[in-house]
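Taking it in order: structure first as structure tokens, then the write-up.
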Amino acid sequence: MSSASSDDDMPLARSNGHISNAKISAADDRALDKSASRARPAPPGLSIRNGPVDDDSMDVDAATNGTKRKSRSSIGKAVNYKDDSDDSDGAPLAKRQKANQKTEADSDDEPISKKKNGKLPPSISRTSVVDESDDDEPLGTKLAQRKASIEKSAAKEAKALQAKAKKATPKKAIKDEDESDDEPLAKPKKRLSNGASASANKKANGVKKEEPESDSDAPIAKKAKKAAPATKAKAAPAKKTPAKRGSATPKKGKSEEPGDGEEEEEEYRWWDAPKKEDDSIKWTTLEHNGVIFADPYKPLPKNVKLYYDGKPVELHVEAEEVATYFGAMLNSTHNVENPVFQKNFFRDFKDVLKKTGGAKDQNGNKVDIKEFSKLDFKPIFEYYDAERVAKKNRPAAERKAEKAERDAREAPYMYCRWDGRKEKVGNMKVEPPGLFRGRGDHPKTGTVKKRVMPEQVTINIGKEAKVPDPPAGHKWKAVQHDNKATWLAMWQENVNGNYKYVMLSANSSTKQEADFKKFEKARNLKKHIDRIRKDYQRDLKSDVMADRQRATAMYLIDKFALRAGNEKDTDNEAETVGCCSLKYEHVTLKEPNTVIFDFLGKDSIRFYNEFTVDRQVFKNLKMFKKPPKEDGDDIFDRLTTTQLNKHLSSYMEGLTAKVFRTYNASYTMSQLLQKLPTDKKMTDAEKLKLYNDCNREVAILCNHKRTVGAAHETQMEKLNDRIKGLKYQKWRTKMMMIDVDPKMKKKKGAEYFELDPDLDETWIHEHQAFLVEEERKKITKKFEKENEKRVAEKERPLPEKELKERLKVANELEAKFKKENKSKKVEAEGKSPTVEKLENSVKKLEERIQTLQLQSADREGNKEVALGTSKINYIDPRLSVVFCAKFNIGIEKVFSKTLRDKFKWAIESVGDDTTWEF
DNA sequence: AACCCTACTTAGCATTTACGAA
DNA sequence: TTCGTAAATGCTAAGTAGGGTT
């Protein structure tokens, strides 16, 4: 082994600290084995738990890496300005970080660390995670267990697919035939296996489109055809409900377009259209009206001022505007109390001040603003806040009128004409100026995001189209006619120099089509996955370090759905990582084969997981961490995402790391859905729960989190109290039966009348008091309201006596409860109560209880898992359509309006066909 | 290979709207 | 009907990924 030092190596992947040897000798491998002979490895793939972390690993580095430009400074420093006091006291903050923060970030809309959720400084996370881990464990473990079986089926399936492919080579015919019937010009270019044709149309825009070649199921319209067979298939275009589906071709003139009549638009069903010759060309004609700019700044009224050192100051309007950016967001303590945010803001604020002649006091004397802490934005905040409240409380009619006016103003920008079709624009508004809110500990958070001027905006539009007029007195930066691009307008933002694009919305044909292709590509991976897996298993032992690293990375991406992990500019962005950019301190190894990942991923969301892995993977990671590597060094020092993706694309055209996430998410979902009990007779709520459970597993796989709101705990309690209340009511109702017919006790058995174990006497007393109180409140409120009305109508208000009289009802209720408690009997309520009626109410109550309990469980499970992201981006929507068909539940229960639009292609192409498979 | 440029998807939180219980 | 909450939508930041250039 010997030559362990790095200098004798070949060119480095990244020159950042320590590098591993290019080659691995057999002795190197053996050495790793020896050191870890004890203990039998657990079977791979089991997630052990989602547990705590201790600080150690994370803040060490500091000293070590001055090496390159990778200032890792922030790692040790952490964001928690607000919390650093606790840091030192080490007090048992114990228990839920969320809660803590809540209290700490007092009243603010979002706790500081929330967002950093994972990202908390280690000192806090240690305490905080403790109890969470318990929660998460079962889910994680379950998921991991299923994973093994899921993978097995994947391999089986892949083999089957390949076998099938061998037998029947030309497969995609179905569609082509069908289509050329319908569509004279359909001349779909056939293409052979991978790669071959790629280069041809590739260069165009660098967009190299993958073109899913899912043979057997390429034509999305296939099923539809089947349903409405042969001939012309001009059946009614499917209406909103997925129930009936049929036509493959849209009916002329019969527009789905609701409303404004003026223009009947025919829906474009791209999935029925012939395949494009060259899909790097996105359009041939494109018309639009440009973008909407932010409203100009409206100066504050004279009496609202920024204060400095206790005194109001005069500002140039430009400086005032910047001050309002800060003032308006005072409620977001999370930002406003962040020292980096303050620092960046203050720097920029001082710049405008300097540029605009500084601040003056009431007498026109210069005020030198040099300390942030002396600035007081409260008056500004209060002004905006009041305005906001006022706006909300305006009469409905007024609000409506305003909305109508706004809509009318925006209407021209809402849609564009894309190849002659009307398509919705996604974000036609240029982002307004403000303060940049970077996530995690972004070094530039708080920086002023400047107003975008037309001079910065480039317009992309068809050659023949009329170029939209820029606002009066302004010009566009440029106008171009690039039909390989899908954007209508673009500008560069000043904070990070990022490009911002105006594009079509998710329900437009281009986006839908792109979405479809994404999922087809992922489905296509099914055919290659077993070979890929076999190969990387083999390469885990390669003696070429680069290959071994690549294989290991592939393993992680495949099994744990890690993101690719492109390199980032560490000086100017928050420090987050993905697979290829994992660092020494993000991976902790526990013999014999447990790996603990702890790092901040996209959006600074924490990824914390303990996994058991193949022994070889464990050994490799150990090797990649071998001294002299230390904190701050890359684990995969001979691997970049580019290399990885290049390798992947050798298996399948267009295959990249991110496809694995789509594939694994959709595949997992499909497996889970298939396992669902088919037993019918479920209520919609129960079906939905099943669906959401599957969805949740996928979300967990993808580590999609959300912050549990300050309110969660309270809401949960409330909900549970409501459930208990209903249970109590149920019990009372049952007792009434005995009152009506004493024989019931015998008939139903004593058990029937037992009190739910959830309820105890103390609680009941409390609850009764609560009910009485509620009743009082209700009565009082009603009384007051009536009086108000009388006053308004110039009548004499009702006397207090009347209120007292009315409150007697509540008193009676109280007395009744007392009596019940004493006698252990409940008098039947209502007029002419019968056992039957009572039984009915019991049934009703039981139903309500069940619904609420489901809801409660669902919500608790979802507490910090965000289902939406995977539903929107990762789970093939056709799976959901099939689920709904199979379980006979409306698609609208699962997809919101926007999602139904976005996934229109899926809904219409699958219809009620339950045989579609991912 | 490293860098920059470009363009597109994915992501969580904020704000608005819809909806269900009272 | 009204109110308060949950769901839907809006917003924009933060990723991935590919190409070109040096």
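Numbered from 1 within each chain, the chains take letters A, B, ... in sequence-line order.
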From CA spacing to verdict: side-chain hydrogen bond (donor to acceptor under 3.5 Å, both in side chains), Ser20(A), Gln549(A)
CA-CA 10 Å; Ser20(A) 34; Gln549(A) 290 194 353; 3.2 Å; yes
Ignoring backbone atoms, establish whether Thr869(A) has a side-chain N or O less than 4.0 Å from OP1 or OP2 of dG12(B).
yes
Taking only the side-chain nitrogens and oxygens of Thr656(A), find out if one of them lies under 4.0 Å from OP1 or OP2 of dA17(C).
yes
Produce the list of close N/O pairs, under 3.5 Å, pairing protein atoms with atoms of nucleotides 1-6 of chain C; give distances to one decimal.
| unit_1 | atom_1 | unit_2 | atom_2 | d |
| --- | --- | --- | --- | --- |
| dT5(C) | OP1 | Lys718(A) | NZ | 2.9 |
| dA6(C) | OP1 | Arg859(A) | NH1 | 2.9 |
| dA6(C) | OP1 | Arg859(A) | NH2 | 2.7 |
| dA6(C) | OP2 | Gln715(A) | NE2 | 3.0 |

Please pick, from dA11(B), dT9(B), dC13(B), the nucleotide with the shortest atom-to-atom distance to any side-chain atom of Lys511(A).
dT9(B)
Does Lys658(A) have a side-chain nitrogen or oxygen under 4.0 Å from the phosphate oxygens OP1 or OP2 of dT10(B)?
yes
For residues 389-399 of chain A, which residue pairs qualify under side chain to side chain donor-acceptor pair (under 3.5 Å), counting only residues two or more places apart or in two chains?
Arg394(A)-Glu402(A)
Heavy-atom protein contacts under 4.0 Å, nucleotides 10-15 of chain C, coded B base, S sugar-phosphate only, - none
-SBSBS
Quick one: is Lys518(A) getting a side-chain N or O under 4.0 Å of the dC8(B) phosphate, OP1 or OP2?
no
Under 3.5 Å, is there a donor-acceptor pair between the Asp634(A) and Ser581(A) side chains?
no
Taking only residues two or more places apart in sequence, or in another chain, which ones meet His442(A) in a ring pair (Phe, Tyr, Trp, His ring centres under 6.0 Å)?
Phe436(A)
Applying ring pair (Phe, Tyr, Trp, His ring centres under 6.0 Å), name anything that partners His767(A), two or more places apart in sequence or on another chain.
Tyr728(A), Trp763(A)
Would you please test Gln512(A) and Asp901(A) for side-chain hydrogen bond (donor to acceptor under 3.5 Å, both in side chains) and show each step?
CA-CA 9 Å; Gln512(A) 282 193 56; Asp901(A) 286 345; over 6 Å; no
Please confirm whether Tyr413(A) and His288(A) have ring centers closer than 6.0 angstrom.
no
What class does the angle between the rings of Phe516(A) and Trp905(A) fall in, given that below 30° is parallel, 30 to 60° is tilted and above 60° is perpendicular?
perpendicular
Quick check on DNA chain C: between Val659(A) and Phe895(A), whose nearest nucleotide comes earlier from the 5' end?
Phe895(A)
If we only count heavy atoms from C-beta on, is the Lys902(A) to Phe895(A) side-chain gap below 4.5 Å?
no
Would you say the side chain of Gln643(A) lies within less than 4.5 Å of the side chain of Arg550(A), judging by non-hydrogen atoms?
no
Short side-chain donor-acceptor distance under 3.5 Å, Lys568(A) and Thr576(A)
yes
Any base atoms under 4.0 Å from Thr486(A), or only sugar-phosphate, or nothing? Heavy atoms, all strands.
sugar-phosphate
Can you pull every protein N or O that's under 3.5 Å from an N or O on nucleotides 17-21 of chain B?
none

Does a nitrogen or oxygen in the side chain of Tyr874(A) sit under 4.0 Å from OP1 or OP2 of dT9(B)?
no
